[in-house]
Every structure is written in C-alpha cells, then in structure tokens.
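For this chain, numbers begin at 1 and follow the sequence in order.
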Amino acid sequence: EGTAKDHGLEVGKQVDERYHVEKSTAAACRYLRESYARFGDWALVAAAYNAGNRRIREAMAEQQESSYYELLLNEETSRYLYRILATKLLFENPTAYGLFLREKDFYPQIPVRTVTVDSDIPDLVAYAKNQGISYKVLKLFNPWLRDKSLKVRKGRTYLLSIPLEEYRDYEALMNELNDETMVFGDTLEFEEL
C-alpha cells in the first residue's frame, strides 16, 4: 500500500488503483526505473520489485554482497527472477515449449467508451443499470472500484470504462469464448509415434 501511494496511486476503501491496469502499470514502470537508478542491475531490480527496495538494500548490507546471485533471500524472492526469465522464454518462442496459440485462442479486446466522473455516485449498482450494464460488468471493467459507491473529492475525476453496446452481454461473450469447440476446434493434431 505504501509503495503504491508513493508512486501516485490512490488506495482507499472505495478506490484502489493498484487494480487499475493502466495506472498500476505506469506506477510499476516508475518503480522499476527508480530501482534501476538505485541498484544499476536488473536482477536486483526484479528482486526489489518482489521484496521491496528496503529489504534488498538491507540484505545487501547484512550479507555484504552486491550481486543478486550471491544473496540469500526468502524463497519467493529467490525464485522470482527465474520465473520472470522462464516467462520471457515462453513469450519469445512459445512453439519451442509446446504452445501453439492462434489469434482466435486469445481473448478479444472489448471496445469501451470512457465516462468521466467528477461527482459522487452514491449507488454504483443503479449507476451501472443507467449505463445499460450490470454491476458485475461495471466491476469487471473497473476492478479498481472497491465499494458500491464512489465519493469524488473536490477537483478529482475518475474515468470509468463502459463496454460498447454490442459487447454488453458479457456472460454470453464469455460463454462463447469458453466454448472448447470454438477455441480448440482446429487445434493442431500430432502424429502418434
């Protein structure tokens, strides 16, 4: 929570921008840039992203080491860099690891319109209905909303994402995407050895 707030994210009962994809991504990039300026080493930056800059600095001082690979860290942080590297390898060459993904295997980007909110919304359920969507869809597209109301401080605005009308039946869309015959109907077949 503290790191999020230090990097410009609002964290509270009604709004938690750690769940806002665009804002939290921008904050994470700022954090990574600052960490690299501090450590000058991407392995230490990855460890700091997981454990925090302070913990990594303390571990380096206590163990008198400047290399990530020589630090004894907790299990999660010790594995974190290797998980990032494994993910990078998968993204670079998915077929080498048995992943044969086609365009239709991916979830489509659902077009949205952006609504600027500059005044309180006392009932987000009623607000969603007025927008022609369910409360569930409102929350799926705006996961940073953490309560059933939204209080807007003076001078503050929020941007809500509302799916375009042809994409509002989210349940039907998700059922279609989860239909195995649609997604895997033309999966590559392999010869038996």
Checklist entry - Excluding sequence neighbours, so at least two apart, what forms side chain to side chain contact (heavy atoms under 4.5 Å, CB included) with Pro111? => result Leu164, Tyr167
Checklist entry - Could you give all pairs that pass the salt bridge (charged side-chain N to carboxylate O under 4.0 Å, His left out) test and reach residues 45-60, with sequence neighbours left out? => result Arg54-Glu58
Checklist entry - With Glu62, which residues qualify under salt bridge (Lys or Arg N to Asp or Glu O under 4.0 Å), at least two apart? => result none
Checklist entry - In chain order, what residues pass the side chain to side chain contact (heavy atoms under 4.5 Å, CB included) check against Ser24, with sequence neighbours excluded? => result Leu9
Checklist outcome for this item: By side chain to side chain contact (heavy atoms under 4.5 Å, CB included), Thr157 pairs with (sequence neighbours left out) Thr116, Asp118
Checklist entry - Taking only residues two or more places apart in sequence, or in another chain, which ones meet Asp147 in a salt bridge (Lys or Arg N to Asp or Glu O under 4.0 Å)? => result Lys13
Checklist entry - Can you name the side chain to side chain donor-acceptor pair (under 3.5 Å) partners of Tyr158, sequence neighbours left out? => result Glu10
Checklist entry - With ILVMFWY side chains joined below 4.5 Å, transitively, what does Leu89's cluster contain besides itself? => result Leu90, Tyr97, Leu99
Item to check | Those residues that, when tested against Glu22, pass side chain to side chain contact (heavy atoms under 4.5 Å, CB included) (two or more places apart) | outcome: His20
Return a table of donor-acceptor pairs under 3.5 angstrom between the side chains of residues 41-49 and protein atoms on other chains or two or more places apart.
{"unit_1": "Asp41", "atom_1": "OD2", "unit_2": "Ala43", "atom_2": "N", "d": "3.1"}
{"unit_1": "Asp41", "atom_1": "OD2", "unit_2": "Leu44", "atom_2": "N", "d": "2.8"}

Item to check | Residue list, salt bridge (Lys or Arg N to Asp or Glu O under 4.0 Å) with Glu75, at least two apart or on another chain | outcome: Arg79
Checklist entry - Can you name the salt bridge (Lys or Arg N to Asp or Glu O under 4.0 Å) partners of Glu92, sequence neighbours left out? => result Lys88
